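Quick notes on the structure that follows.
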Amino acid sequence: MAKDLTSRNEDYAKWYNELVIKSGLADYSAVRGCMVIKPYGYSIWEEMKQYLDRRFKETGHQNAAFPLLIPKSFFAKEAKHVEGFAKECAVVTHYRLKESPDGEGLIVDPDAKLEEELIVRPTSETIIWNTYKDWIQSYRDLPLLINQWANVVRWEMRTRLFLRTAEFFWQEGHTAHENKTEAVQESRMILDLYADFMEKIMAVPVIKGVKTESERFAGAEDTFTVEALMQDGKALQMGTSHFLGQNFARAFDVKYLSKEGKEEYVWATSWGVSTRMMGALVMVHGDDNGLIVPPKLAPIHVVMVPIYRKEEQLAQIREVADKLKKELDAMGIVMKFDDRDNYRPGWKFNEYELQGVPLRIAIGPRDLENESVELARRDTLEKTTVALAGLSTRIQTLLEEIQMNMFEKARAFREKNTHYADSYEEFREIIKNKGGFVYAHWDGSAETEEKIKQETKASIRCIPLEGEKEEGICMISGKPSKQRVIFARAY
RNA sequence: CGGGGUAUAGCUCAGUCCGGUUAGAGCGCACGUCUGGGGGGCGUGAGGCCGGCAGUUCGAAUCUGCCUACCCCGACCA
């Protein structure tokens, strides 16, 4: 089996890093904290983008592109927003280089200092709202529903491939609305869209919820989140959707004239998911043999590995492959026929397992004779011999089954690792020894939240939106609580 | 930003403590050959300013000092 891969039990963090690199998703780059997304990794990201982009458009959004660089003064306009991002900004101060006087390389030309420094965007609210001011005059201009696919930079102290990189790729939606109800609805609708994507396409079960005040996005009135559980018992925030109230409208003076002829500030949302989801994909589905990509995200659904000695045999196999490929094409299933002769079958088996291709077909002289193939599932590692007749239909069914099985497996894992704690002792014991999600009562105060975080490293992931709301008392203060909230250690 | 670690072939690493001819291994790569149903065997070959700068010495991958970069673990954060 994948000989060189560290097992999850041995060292989960090491397993993750190795898997990302060895499966060809990404690699470290020459730039600190920034990664190279390799073709295979990028093709999965493209699948994610493609699906989400279609859904955004179906729900009335349009794509646009705003500048990478933002004038420093823009950040000062929304107080909480600056506070949240100031510590991790890359700043452009000059616009020219010149040869150094000693002739050894280049230096920044001191004469080329910018009047006003530019910030490499950590997020685009400010530049976008500055622009919206010019786009919005009347209630007829609303709602304004814009999305941007972009890269952003946040100068993180400590980075991890996909999970926290200094530069990352994402989409950020920025919408403007006439009233609060509509804006809240928008942010909730996007939250549902995200959750739907994660569960149906990524096969990652998520919990929808709202963030506590201290975990809220800088400048938001409410941050909605989708949270997932990784195999090491830690939580990962998969995406967020913010109700921004009128904060940015006020900061950038974006007003519209209502039907009644009254001047009003608009209401805003912003929402985003990033390449971080790639990390979730690895950590939720991967096993000790490598990645497992759910069929609905897989750039390649089926790979066929020919086994042969003589050229005539390969020619015969190729005939079968071509025919099957054509059938699968018509079904929207992508098959790769790997006839490279510099790698041997066993090597290819391992390689595709590492990459997580959902289905593998091995076909050799033996199979040709019996008019069958060997079909292997990546999720269960199960191998069966199946007839050539009706193979494409069989594949189609199997892919659906794999998709479902992966989701069910992840959900079962999450359920097994979801606990309820009624006392703080119980809570600490679970967080320390078992990990996972812990439902517990909390009095709603930031102090209690902080105390728990300090003492256990577990944070409130969210106040869940769904499920029954059971009243109780806070496990720390004994004060009343309207419902349990979800705690976990998180990435 | 604290703590730890690493830097030698494309990759993973030995060699450094105890300085001494020509710096090694495995994998990968190239060519040949036998092969081919779970990372093949054999043979031949290419590939190195031993992270940088300075010092000690007849002599430095090895000792000393300074620097740089990256990784891991924490704190902070999506």
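Bear in mind that the values here come from a model prediction, so they are computed numbers and not experimental data.
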With sequence neighbours excluded, residues passing side-chain hydrogen bond (donor to acceptor under 3.5 Å, both in side chains) with Asp338(A): Arg340(A), Tyr352(A)

Atom CD of Glu319(A) with >12 non-hydrogen neighbours under 6.0 angstrom: no

Mark yes or no for a side-chain to base donor-acceptor pair under 3.5 Å between [X] and [N], with no hydrogen or angle criteria applied.
| X | N | answer |
| --- | --- | --- |
| Arg360(A) | G38(B) | yes |
| Lys383(A) | G38(B) | yes |
| Arg164(A) | C77(B) | yes |
| Arg344(A) | G40(B) | yes |
| Asp367(A) | G37(B) | yes |

Cationic tip of Lys77(A) above Phe74(A) ring, under 6.0 Å, 45° of axis: yes

Side-chain donor/acceptor of Gln246(A) to backbone N/O of Ala249(A), under 3.5 Å: no

Base-pairing assignment for C49(B) (Watson-Crick or G-U wobble, both under 3.5 Å): none

Presence of Arg309(A) side-chain N/O under 4.0 Å of G36(B) phosphate oxygens OP1/OP2: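 Yes, Arg309(A) has a side-chain N/O under 4.0 Å of OP1/OP2 on G36(B).
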
Letter per nucleotide, 5' to 3', of nucleotides 41-47 of chain B [B base touched, S only sugar-phosphate touched, - untouched; heavy atoms, 4.0 Å]: -------

